[in-house]
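All chains are named by letter (A, B, ...) in the order of the sequence lines, taking the proteins before the strands, and each is independently numbered beginning at 1.
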Amino acid sequence: MPRFFLTTAIDYANGEPHLGHALEKIGADAIARLHRQLGYDVHLLIGMDEHGQKVAQTAEAQGVPPQQFVDNIAAIFQAMWARLGVRYDQFIRTTSPEHKAAVARLIEQIFAADASLPENQRNFYERSYTGLYCVGCESFKQPADIVDGKCATHPTRTLEEVTEHNWFFRLSAYTQRLKQLFADNPSFLEPESRRNEILQLLEQGLDDISASRSRFDWGVPFPRPLSNGDVQTTYVWFDALPNYWTARFFPGYADKAAWPANLHVIGKDITRFHTVIWPAMLMAAGEPLPGQVWAHGFISLGGERFSKSAGVKLTLDEAIERYGVDAFRYYLLRDVPYDGDGSFSWERFEEVYNSDLANTLGNLGSRSVAMIEKYRAGVVPAAAPEAELFAAHRVSLAQARAAVDGERRHRPNEVIGALMDVARRTNEYIQRTQPWVLAKDPANAAQLDVVLATLASSLAHCAAWLAPVMPDKMQVLWTQLGGSGDVAHARLDKPIDVGGWHVSKGSPLFPKPETPPAAT
RNA sequence: GGCUGGGUAGCUCAGAUGGUGAGAGCGCACGACUCAUAAUCGUGAGGUCGAGGGUUCGAUCCCCUCCCCAGCUACCA
C-alpha cells in the first residue's frame, strides 16, 4: 500500500482559528480522505507553532504563563478541527519536549556535517547583524517596512540601529543547488505561478539568515553557545519548519511520520520558507527533501484578505451554523480553487447550497430513493447500469481521479465539479427515461430495472466520491441507498455494485431553510 | 520601480498552435413533466472576448503601446 504523508502549515498560536485556517485544513483533510479511499496509507500532520516573541508578549499581556497560554490556544484549534471534521492523524506542537529535542538534533546534524567543511563554507557561523529596530514592534524592520525613515506601523517612534551577534545559516551557498532542484523537479512547487516567483528570487541570489536570536527566550535554546558563551534562542526557521521532520520522533509515529513527507500543504504567503529555506536546511543536514510543496491561495471576505495575523471578520461558528459543517466544507472547497484565491459571501454560499446541494444532489437522492421504494419495494434491481450513461460517468470519474493524484492533483474543486456533472447527467437521464411512465406497464419491467439500478449506482458513486468533502452527509446518503458500513471505506478506484441494496427514504439531505437567511 | 500572472455573457470561470455560427455552471425568461426538497428537464437570452495600433487574405487568440487587477520583490510567523 503506497503511503501518503502530508502536512499542513502549523498555525501560529497567537489568536483563534478563522476562515483562512479553515480553508487550508479542510482542503488538506479532503485531499487526505480522497487518498485514503484510493488505497493510500495516509498520514495527515497538523499542529501549532507556539514559540516566538509575539506569543510570549500576548501571553504576558493576558497575565498568563506562555505555556498555559499556548495550551489553551491549542485546545481551541483542536476543538475547531474536530468541529469541522478535519481528521488529522497527528497533532504536533512545537513546545513539546519531543519536538524541542528533535530540533536540537537536526541542528546538531548540520554541525556534524560542518565539521568536515572548511571554515568559510560551514553552514553555521557567527555573525553580527545590524538592523533598524523598532521598539514598537520589537522587531527588526526591512527597507520595505520603512516609510520616511520610520516604521510604517509606528511612525512616531524612532528606529534604532541595533547590532546583534547571532548564529547564521549560510543560505547563500544553496542558490545553485536550489536552482538545480527546480530544474530537475519542477513539480517540487506547485502551482506554477508560485514556482515562477521562487525562480525569480533564486535569480537574485540568496542572503544568509539568522539561526538564533538573543531578544527573546520563548523557544528552543540553540544547542550550541556562541563563542562568547551566550546561549541564544533558536530562530523561527529552525524551530517551526522542522516540525514536519520532528513528527517522527514522537512515540508511536516513527513509521507513520517517517521522513520524507510526500506533500506540504501551505499558504502562498509562506512559499519561500518552504521551498528555499526548508530544502536548504535539509540539504545541509543530509536529509531527503519532501516530495512536493503545494501553495494554496487565500480566501477573502468582502475584499479583505484573511491571513494568519488578520483580524477575524467572520466567525467560523456563524459559517458552520448557517447550513451545517458539511455544506460549509463543500462551499469552501467547491468555490475556492485550491490553486487560486476565492472570496466568501453569504449570497454565494446560499446559491451554491440551493443549486448544488439541495436541488441537484439532494433532490436526485430523494427522487431516486422514492422511486426505488415505490416501484421495487426498496430493493435495488440487480441489473447492470445503463452502459451509455456510465460511459459518460466514467469520463467524469477519471477527471475526478486526475484531480486527486493525476495530472491535476490537489484540486478538490475539480473533484467536486466532476461529481456534479455526474449528478446533473443523472437528473437528465431520469427525465429522458421517465421511470414513472415505465412503471405503468409491467411489460417495461426489465427496462425499469435498468433505470433504477442506474440511479442507485450513480448516487453511490456520488456518495463515495463526495464523502471526503462531506463526510457526514454522504454517510447518510450512503446509508439511505442501502450501502453497508462506513462510506469512508468505499474504494474510489473500484466499481460499486449496488444490486440488492435496500434503500430507505429519510428526511431531505440538504433541506432548504424555512426562512431565507439574513443578508450579509 | 523591477518581475510574474491576469482582464471573455449579470456572477464564477473554461477555451481556441489565428479562420465555418465564442462555450459551461449559476442567475434570469419562456415552455415541458410530475418520480422528487415548488425540485427536475428543454429552449432562449445575443457578451466591442480590457483600450488603441500593427502583422495577416483573416485576430478575441501573434507583436507593440496604454489602462486596470492580483501576486512576488527575503528574517512577524
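Distance, A:Tyr353 OH to B:rU12 C1': 21 Å, rounded to whole Å. Spacing between atom CD1 of A:Ile198 and atom P of B:rA74 amounts to 12 Å, rounded to whole angstrom units. Taking atom CZ of A:Arg408 as the reference point, atom P of B:rA14 lies 9 Å away to the nearest angstrom. Put simply, OH on A:Tyr331 is 17 Å from P on B:rC26, counting in whole angstrom units. Atom C1' of nucleotide B:rA39 and atom CG of A:Leu357 are separated by 14 Å, given to the nearest angstrom.
The residue A:Gly219 sits apart from the nucleic acid: no heavy atom pair falls under 4.0 Å. Residue contacts shown for A:Asn427 are limited to sugar-phosphate atoms, with no base heavy atom under 4.0 Å away. Residue A:Ala370 is in sugar-phosphate contact alone, with no base atom involved, counting any heavy-atom pair closer than 4.0 Å across all strands shown. Heavy atoms of A:Tyr375 sit under 4.0 angstrom from primed sugar atoms or phosphate atoms, though from no base atom. In this structure, A:Leu199 reaches neither bases nor backbone, as no heavy-atom distance under 4.0 Å exists between it and the strands shown. Here A:Ser193 lies out of heavy-atom contact (under 4.0 Å) with every strand. Within the 4.0 angstrom heavy-atom criterion, no nucleotide atom of any strand lies near A:Ile277. Here A:Gln200 lies in heavy-atom contact (under 4.0 Å) with a base.
For the P atoms, the distance linking B:rG2 with B:rA45 amounts to 45 Å, nearest Å.
Here B:rU65 sits opposite B:rA51 as a Watson-Crick or G-U wobble pair (both hydrogen-bonding atom distances under 3.5 Å). Taking a pair to require two hydrogen-bonding distances under 3.5 Å in either a Watson-Crick or a G-U wobble arrangement, B:rC26 pairs with B:rG10. With a cut-off of 3.5 Å on both pairing distances, B:rU56 has no Watson-Crick or G-U wobble partner at all. Taking a pair to require two hydrogen-bonding distances under 3.5 Å in either a Watson-Crick or a G-U wobble arrangement, B:rG1 pairs with B:rU73. Searching all strands for a Watson-Crick or G-U wobble partner of B:rU20 with both distances below 3.5 Å returns nothing.
Between atom CG of residue A:Leu452 and atom NZ of residue A:Lys374 there is a gap of 12.0 Å, rounded to the nearest 0.5 Å.
The base of B:rC35 lies outside donor-acceptor range of the side chain of A:Lys374, with no N or O pair under 3.5 Å.
At least one donor-acceptor pair closer than 3.5 Å links the side chain of A:Thr360 to the backbone N or O of A:Ser355. A:Thr233 places a side-chain N or O within 3.5 Å of a backbone atom of A:Phe216 that can act as its donor or acceptor partner.
Closest approach of A:Gly15 and A:Phe77 over heavy atoms only: O-CE1, 3.1 Å.
Cation-pi geometry between A:Arg195 and A:Phe182 is not met at under 6.0 angstrom from the ring centre and within 45 degrees of the axis.
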